[in-house]
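Working notes, structure below.
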Amino acid sequence: MTNELIADLEWRGLLAQTTDRDSLLKDLGTGPVKFYIGFDPTAPSLHVGNLVVILVMRRFQLAGHLPIALVGGATGLVGDPSGRNEERTLNTESTVSKWVENIREQLSRFLDFDSAVNPAVMANNLDWTKSMSALEFLRDIGKHFSVNQMLAKDSVSSRLESGGISYTEFSYQVLQAFDYLELFRRQNCRLQLGGSDQWGNIVAGLDLIRKVEGGSGHALTIPLMAKSDGTKFGKTAGGSIWLDAEMTSPYAFYQYWINTDDADVERYLKVFSFKDHSELERLLDTVKVNPGAREAQRELAREVTSLVHGTDQCEKVEAASKALFGQGELKDLDIETLSAALSQLPKVTINRGEEFPTWVDLIAASGIVDSKSAARRIVKENGAYLNNEKIAGENFTPTEQNLIHGRFLILRKGKRDLASVEVL
RNA sequence: GGCGGGUUGCCCGAGCGGCCAAUGGGAGGGGACUGUAAAUCCCCCGGCUCUGCCUUCGAAGGUUCAAAUCCUUCACCCGCCA
């Protein structure tokens, strides 16, 4: 038995593990299946790592299935031990509930909630856990869990070896299992998706459903994104790449994608792009034939940035990138293009008539170096540029003559770190 | 509860009274090469009003001309014995 959706996911490298494959294929082939993915509020925003799973959700919806986006208002209060070797610090209820709202808003960008046929719905596990008493929980849910099995779960056993785990985090798998049970009961949800680190938690849910309701459901996990150089996907020296425009500017977001290694671009495109197979094959071919053109990276950056920040925003940052990294003279850019491009960068303003600060002071003020010492080091190491021209000497101070269109200066550190100065 | 070991810069980890802003590795940054890629090679990598000064070696006190290094107390971690 084959199924177009599953075959496609497999082609894209998005399948890690599933429960009984034939029966899953049968259900997916028979009609729309209700499925869910949970997102715990562990930060103010989702990040590009979450995007992998979110987009799989979108693929399921496009294939006609019914998504439930579950926000972990309850589980976020407890903390998932999966993939961590240390206990989490608990966040306050008000913090978590604020993050829940942010995550809801972000999820809503990727799913269709208004579809007449198969609209997505939101859920929050706080709804069925908040009012439950500890005694009810222990008697009705806890009774079905064998501690022996719970201890055997990777997420727990690895923690037992590395410094221990609190009762709170130990209970996490029970809470997540309970979620699946509730969604099974309330909405007839029969499939849970998640990152491959979630396998244990998902299966715990299936066990619970079998024991309590005698029912059965499916599990499907998605491989965790890895980079070819072994570093973590979605992280830079500056931290995570967030979906929130305040936390990671659309410009920085676009830059993250356009800087993708050749070695990774194929996997990324398959995971993040919604282009059809033949178009993807063509793009991947360009990587082999003319890697220098970086067409695949450009398309990847464009598609993901549009998806997350909208096509308007994407066009702006794309134009900015083109202008700032283009071969032409900055002076030749018209003022609208230039000022639009610069608006995407960290910015320092100085008042007209005031004396210009040194390059070092300006770049330090822009925040793209950590300290003035670091800024001086850059100059000493020959990585300091003003308007794309190298400057020499740490006392270098721009003058009126350097202003582009009488208003702007472009500071650059190294190859690609830019900031703008505007004289008002 | 008893005995012993540990806590060093973003991470790992040397140092065990002055030569220590502190060896080495990783991460990170700059340069060269190239393609806003990777690999490679070279350099840098606490801060500042920068030939000097200031703040760092779990915390607080103390000894000393001088402490990351010695002493005391406290906190946390890790072994062994109860």
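Just so you know, these numbers use all the heavy atoms, side chains as well, and skip hydrogens, waters and symmetry mates.
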ask   = With rounding to whole Å, what would you report as the distance between B/G17 and B/G52 at their P atoms?
value = 27 Å
inquiry  = With heavy-atom distances below 4.5 Å as the criterion, would you say the side chains of A/F137 and A/T129 are in contact?
reply    = no
ask   = If you look at every strand shown and take non-hydrogen atoms under 4.0 Å, does A/D262 touch a base, only sugar-phosphate, or nothing?
value = base
query = B/U23 and B/U69: how far apart are their C1' atoms, nearest whole angstrom?
reply = 15 Å
inquiry  = Using whole Å, what does the distance between atom P of nucleotide B/U36 and atom CG of A/D417 come to?
reply    = 15 Å
Note: A/R21-A/E10 ion pair, threshold 4.0 Å (strictly below) = yes
message = Once you measure the plane-to-plane angle for A/F170 and A/Y167, does it fall in the parallel (<30°), tilted (30-60°) or perpendicular (>60°) bin?
response = tilted
Length of the line joining A/E266:CD and B/A38:P, which is rounded to integer Å = 18 Å
remark   = Whole-Å distance, A/K322 NZ to B/U36 C1', equals 14 Å
task = Could you tell me which nucleotide pairs with B/U40 by Watson-Crick or G-U wobble geometry, both distances under 3.5 Å, or answer none if nothing does?
result = B/A32
task = Look at all strands and tell whether A/I258 reaches a base, only sugar-phosphate, or nothing, counting heavy atoms closer than 4.0 Å.
result = base
query = Would you call A/I68 and A/F35 a side-chain contact if the rule is heavy atoms closer than 4.5 Å?
reply = no
message = Looking only at the side chain of A/K415 (C-beta and beyond, no hydrogens), which of the listed nucleotides B/U34, B/G35, B/G29 gets closest?
response = B/U34
inquiry  = Does the structure show a Watson-Crick or G-U wobble partner for B/G1, both distances under 3.5 Å? Name it, or say none.
reply    = B/C81
query = How far does the P atom of B/A68 sit from the matching atom of B/G9, given to the nearest Å?
reply = 14 Å
ask   = From B/G35, B/U36, B/G47, pick the nucleotide closest to the side chain of A/P291?
value = B/G35
inquiry  = Please report the distance separating the C1' of B/G18 from the corresponding atom of B/G24, rounded so that it comes out in whole Å.
reply    = 23 Å
task = Could you tell me whether the side chain of A/Q192 reaches within less than 4.5 Å of the side chain of A/I37, counting heavy atoms only?
result = no
message = Classify A/S371 by what it touches in the nucleic acid, base, sugar-phosphate, or nothing, heavy-atom distance under 4.0 Å.
response = sugar-phosphate
query = Considering Watson-Crick and G-U wobble pairs with both distances under 3.5 Å, what does B/C10 pair with?
reply = B/G26
message = Suppose you measure atom P in B/C80 against the same atom in B/C48; what distance do you get, rounded to whole Å?
response = 47 Å
ask   = Given atom CG of A/L269 and atom P of B/A37, what is their separation to the nearest angstrom?
value = 18 Å
key: Whole-angstrom distance between B/A27 and B/A60, as gauged at atom P   = 33 Å
ask   = If we call it a pair only when both distances are under 3.5 Å in a Watson-Crick or G-U wobble match, what pairs with B/C57?
value = none
message = With a 4.5 Å cut-off on side-chain heavy atoms, are A/I410 and A/S420 touching?
response = no
request  = Sort out the partner of B/U63 for me: Watson-Crick or G-U wobble, both distances under 3.5 Å, none otherwise.
outcome  = none
key: Spacing of A/E394 atom CD relative to B/G47 atom P, expressed in whole Å   = 13 Å
request  = May I ask you to check whether over 12 heavy atoms, not counting those of A/R139, lie within 6.0 Å of atom CZ?
outcome  = no
task = Mind checking A/G383 for me? I need base, sugar-phosphate or nothing, with any heavy atom below 4.0 Å counting as a touch.
result = sugar-phosphate
request  = Using the C1' atoms only, state how far B/G46 lies from B/U64, rounded to an integer number of Å.
outcome  = 27 Å
task = Report the distance from atom CH2 of A/W359 to atom P of B/G30, rounded to the nearest whole Å.
result = 10 Å
query = So what does A/R377 touch, heavy atoms closer than 4.0 Å: a base, only the sugar-phosphate, or nothing?
reply = sugar-phosphate
request  = Take the protein atom CZ of A/R416 and the nucleotide atom P of B/A37, then report the distance between them rounded to whole Å.
outcome  = 5 Å
task = Indicate, with a heavy-atom threshold strictly under 4.0 Å, whether A/D261 touches base, sugar-phosphate, or nothing.
result = sugar-phosphate
query = Base, sugar-phosphate, or nothing: which does A/K372 touch, judged by heavy atoms less than 4.0 Å apart?
reply = sugar-phosphate
query = Rounding to the closest angstrom, what is the interatomic distance between B/A39 and B/C45 at atom P?
reply = 23 Å
remark   = Rounded to whole Å, the CG-C1' distance (A/N290 to B/G35) equals 9 Å
remark   = Taking for A/Q255 and for A/D370 the nucleotide of RNA chain B with the nearest heavy atom, the one nearer the 5' end belongs to A/Q255
query = Looking at the side chain of A/Y385, which of B/G47, B/G31, B/A37 is the nearest nucleotide?
reply = B/G31
query = Heavy atoms under 4.0 Å, any strand shown: does A/K390 hit a base, just sugar-phosphate, or nothing?
reply = sugar-phosphate
